[in-house]
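Okay, structure first, notes after.
Counting starts at 1 for both ligands and their atoms, in listed order. Just so it is clear, the model here is predicted, and its values are computed rather than measured.
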Amino acid sequence: MKHLIAPSLLSADFLNLQRDIEMINRSEADWLHLDVMDGVFVPNITIGIPVLQAIGRLCQKKMDVHLMIVEPQKFIPELAACGTYMMNVHYETCPHLHRTVHAIREAGMKAGVALNPHTPVSLLEDILEDIDMVLLMSVNPGYGGQKFIEHSVEKTRKMREMIDRRGLQTLIQVDGGVNLETGRRLLEAGADVLVAGSFVFKSGEPENVIRKLKEL
Ligand code: DX5
Ligand code: ZN
């Protein structure tokens, strides 16, 4: 499978969200990555359900929602209703992860599980067959524009081995500090989906940068 590109709207111009989403619609991006933060699980607050509903009316790409919030299961119906394709919850916020991922799938969405940089991939051993994607954080969640954590390449490789060994189709997404250089190495290590925020939106030529990431 050719890898997928999911630009993260976090680094877009929030005064011109419509313009930036229309740019994503025209671009070669596969998905639109949307970061929801609560100021509790992570030290920052971003957008919530009303903004996601509005984005859902305009966005023509698959909505990939990354929930950096406690108790994400509370919002399953709202996220399904606004057109979410992939709902990603953090392993660290879900004491009943099995119940949560099944509720996400029953609501008609795909289920992704995100891991913080310090959370080992081995903790997914007993949930891997129940999920559609693993989201490996290659920075500490909370902000765009942070430095790529080098260990993420090795972690991606480990995850790839675990998935292939079991003959699963689970996707591997990597999020944080992705550019052409780190992106290339992550793809070599077995990533399927690259998220890129500041590299796309701070470039001055976002559509071109998306094309370059897609061509990696
Ligand atoms: C960080 C978010 C990322 C963020 C990535 O907590 O999950 O999706 O937008 O931004 P960059 O690509 O700038 O590291
Ligand atoms: Zn994210």
Side-chain angles (χ1 to χ4, degrees), residues 3-14 17 20-21 23-24 27 29-48 51-52 55 59 61-70 72 75 79 84-93 109-119 132-153 155-156 171-187 191-206 208-210 212-214 216:
H3 66 271
L4 306 177
I5 300 299
S8 163
L9 202 67
L10 187 61
S11 292
D13 176 359
F14 276 31
L17 273 188
D20 285 356
I21 292 165
M23 179 281 293
I24 299 285
S27 78
D30 299 280
W31 298 354
L32 176 60
H33 185 85
L34 297 156
D35 292 295
V36 177
M37 304 184 191
D38 65 356
V40 178
F41 175 58
V42 289
N44 195 7
I45 299 177
T46 54
I47 58 170
V51 179
L52 290 174
I55 293 171
C59 180
K61 305 286 180 174
K62 288 177 173 162
M63 286 166 69
D64 173 40
V65 181
H66 178 193
L67 296 163
M68 287 158 274
I69 66 173
V70 298
F75 300 99
L79 287 167
T84 301
Y85 171 73
M86 180 77 72
M87 175 170 165
N88 300 288
V89 296
H90 265 263
Y91 177 87
E92 300 83 3
T93 62
M109 297 177 284
K110 298 211 178 282
V113 174
L115 299 185
N116 272 344
H118 74 277
T119 306
D132 300 288
M133 190 169 84
V134 176
L135 191 177
L136 300 178
M137 285 307 302
S138 41
V139 297
N140 285 294
Y143 303 95
Q146 301 183 83
K147 191 177 173 324
F148 181 76
I149 297 173
E150 201 47 51
H151 175 65
S152 315
V153 178
K155 197 167 174 181
T156 302
L171 296 173
I172 303 176
Q173 177 177 80
V174 188
D175 181 9
V178 171
N179 55 34
L180 292 175
E181 188 268 324
T182 54
R184 180 173 305 112
R185 288 191 291 128
L186 289 167
L187 293 175
D192 302 294
V193 190
L194 298 178
V195 174
S198 51
F199 184 62
V200 167
F201 284 97
K202 308 293 180 208
S203 65
E205 43 159 23
N208 253 329
V209 169
I210 292 169
K212 284 184 191 155
L213 284 165
K214 189 66 193 174
L216 274 178

Any atoms of ligand 1 less than 4.0 Å from a non-hydrogen atom of [X]? List them with their elements.
{"X": "G177", "result": "11 (P), 12 (O), 14 (O)"}
{"X": "H66", "result": "7 (O)"}
{"X": "L10", "result": "4 (C), 9 (O)"}
{"X": "H33", "result": "8 (O)"}
{"X": "M37", "result": "6 (O)"}

Nearest protein heavy atom with distance in Å, relative to [atom]:
{"atom": "atom 6 (O) of ligand 1", "result": "G142 N, 2.8 Å"}
{"atom": "atom 9 (O) of ligand 1", "result": "S8 OG, 2.8 Å"}
{"atom": "atom 8 (O) of ligand 1", "result": "D175 OD1, 2.7 Å"}
{"atom": "atom 10 (O) of ligand 1", "result": "G144 CA, 3.5 Å"}

Contact with ligand 1 for K202, non-hydrogen, under 4.0 angstrom: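 In this structure, K202 fails to qualify as a contact of ligand 1 - no heavy atom is under 4.0 Å.
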Under-4.0 Å heavy-atom contact with ligand 1, by part of Y143 that carries it: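 Contact part for Y143 vs ligand 1: backbone (N, CA, C, O).
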Ligand 1 versus A196: contacting region, heavy-atom distance under 4.0 Å: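 Looking at A196 and ligand 1, just backbone atoms fall under 4.0 Å.
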In the structure I gave you, are the side-chain heavy atoms of [X] and [Y] within less than 4.5 Å of one another anywhere?
{"X": "W31", "Y": "Q173", "answer": "yes"}
{"X": "H66", "Y": "M37", "answer": "no"}
{"X": "N88", "Y": "M86", "answer": "yes"}

